[in-house]
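Quick note on labels: first sequence line is chain A, next is B, and so on, each numbered from 1.
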There are 2 protein chains.
Amino acid sequence: MLKHKHDHNVCIETALEAAQKICEKRETRFTPLRRRVLELVWTKHEPITAYEVLDLLSEGQKRVAPPTVYRALDFLIEEGFVHRIESLNAFVGCSDPEHKHQGHFMICTKCSNVTEMNEASLHSVIERAAKENGYTYENSILEIAGVCANCRN
Amino acid sequence: MLKHKHDHNVCIETALEAAQKICEKRETRFTPLRRRVLELVWTKHEPITAYEVLDLLSEGQKRVAPPTVYRALDFLIEEGFVHRIESLNAFVGCSDPEHKHQGHFMICTKCSNVTEMNEASLHSVIERAAKENGYTYENSILEIAGVCANCRN
DNA sequence: GCCCTGATTGTTATTGAATATCAAGTCATC
DNA sequence: GATGACTTGATATTCAATAACAATCAGGGC
């Protein structure tokens with residue numbers, strides 16, 4: 001059964017190339033390790049945990065240690081290539097890495113697929129709510145759980 | 001320096017009595033352990049971690065084990081007396097336990113205080129966003145980080 | 001009272017998530 | 001080739017959560 005309608009390899013390649021270019025522009029180092037971790041995150045195309053990355057990364061070589069993975073993930077998050085899903089302790093690739101931003105997500109409780117919402121309206125409502133409560137907005141996480149259109153059938 | 005303007009003891013008492021009554025109505029068991037854990041959560045009046053609860057609970061007696069705490073917290077969350085803050089791996093008492101609901105929070109990055117937002121407008125915007133993305137809404141977490149009015153001075 | 005049943009709590013052990021710390025390697029630049 | 005900044009490796013530890021099973025407790029029916 002085909003799970004995704006798109007050619008996922010293309011989608012991985014695109015993400016890697018984009019990351020490469022952005023790093024060149026920002027003069028940050030897209031090392032082989034960081035590239036490999038980003039690739040693994042994209043390969044799953046569902047939220048992936050740090051320890052899953054660790055296992056995949058360790059295949060066919062000496063087992064790497066947790067800090068190796070966490071440091072790479074930290075870099076990727078810092079650069080905006082990856083988002084962290086708090087409610088799952090997991091990570092997903094960001095499809096719009098050009099502009100750094102906070103991720104707002106929908107998570108399907110059946111298939112685990114994640115949709116990133118880039119709606120400015122949502123963002124502005126949240127910022128306004130913060131202001132109305134007397135807070136100076138810094139950032140926010142929004143994770144909506146539900147059943148996606150595909151799975152409802 | 002006085003941190004809270006209200007009499008916090010009253011506030012704890014109120015929460016415990018409310019929980020007691022709700023459990024009677026629902027015919028669920030508000031055991032001494034569960035009561036004590038809820039009390040500890042309220043006592044801190046900031047997000048408290050499970051292991052902090054564990055330490056407090058163990059004072060002056062044989063040390064309890066993690067499952068004891070987690071089971072009590074699970075019950076309290078189930079009943080809606082406590083919310084979990086995903087971004088902090090911590091727990092806070094809910095000030096409106098009558099109606100079960102998902103918590104939406106503002107978290108002060110300076111003083112760690114948490115404000116629960118009960119704005120229906122926010123909730124409806126989130127549900128609508130879910131629908132527009134083709135999802136059947138189940139629940140959501142919203143955690144906004146910022147600096148509260150008190151700390152901005 | 002006594003047994004049965006289900007819920008609660010205790011106990012031991014383990015897994016999963018993340019970080020602290022220090023050592024070793026890499027790489028551009030002087 | 002020496003220097004210093006950044007990156008990765010390696011060891012150990014802390015914090016977060018759960019699995020699995022034993023013991024205990026509360027209430028209902030006999």
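Where A50(A) and F75(B) each meet DNA chain C at their nearest nucleotide, the meeting point lying more 5' is that of F75(B). Toward the 5' end of DNA chain C, the nearer of the two residues T49(A) and V64(B), judged by each one's closest nucleotide, is V64(B).
Whole-Å rounding puts the E27(B) CD to dG27(D) P distance at 12 Å. Taking atom CG of residue L54(A) and atom P of nucleotide dT15(C), one finds them 15 Å apart after rounding to whole Å. Between D55(A) atom CG and dT15(C) atom C1' the separation is 12 Å, expressed in whole Å. Between E52(B) atom CD and dT14(D) atom P there is a gap of 17 Å when expressed in whole angstrom units. Rounded to a whole Å, the CG atom of L88(B) is 18 Å from the P atom of dA17(C). Whole-Å rounding puts the L57(A) CG to dA10(D) C1' distance at 15 Å. Remark: C1' of dT9(C) and CD of Q61(B) are 12 Å apart, rounded to the nearest angstrom. Rounded to whole angstrom, the span from the CG atom of L73(A) across to the P atom of dT7(D) amounts to 15 Å.
Checked against dT18(D), dA16(D), dG10(C), the side chain of L33(B) finds its nearest nucleotide in dG10(C). Distances were taken from every side-chain heavy atom of T31(A) (C-beta onward) to each of dT8(C), dA10(D), dT7(D); the shortest belongs to dT7(D). Of the candidate nucleotides dT18(D), dT11(D), dT11(C), dT11(D) has the atom nearest to the side chain of A65(A). Picking from dT9(C), dT11(C), dT18(D) the nucleotide with the shortest atom distance to the side chain of Y70(B) gives dT18(D).
A donor-acceptor pair shorter than 3.5 Å can be found between the side chains of E116(A) and H101(A).
Distances shorter than 4.0 Å separate none of the side-chain N or O atoms of R63(B) from OP1 or OP2 on dT11(C). Between dG10(C) and T68(B), a contact under 4.0 Å exists linking OP1 or OP2 to a side-chain N or O. Taking only side-chain nitrogens and oxygens, K62(B) comes nearer than 4.0 Å to OP1 or OP2 of dT11(C).
For H83(A) and H104(A), the gap between ring centers reaches or exceeds 6.0 Å.
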Item checked: Reading 5' to 3' through nucleotides 20-30 of chain C, protein heavy-atom contacts under 4.0 Å coded B for base, S for sugar-phosphate only, - for none -> B------S---

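Minimum heavy-atom separation, P97(B) to A18(B): CG-CB, 4.5 Å. When all heavy atoms are compared, the tightest approach of V53(A) to V69(A) is CG1-CG1, 3.9 Å.
Ion pairing between a basic and an acidic side chain is recognised when a charged N comes within 4.0 Å of a carboxylate O; E24(B) and K21(B) show no such pairing. Using a 4.0 Å cut-off between charged nitrogen and carboxylate oxygen, E132(B) and R128(B) count as a salt-bridge pair.
Looking only at side-chain heavy atoms (C-beta outward), Y51(A) and P66(A) come within less than 4.5 Å of each other.
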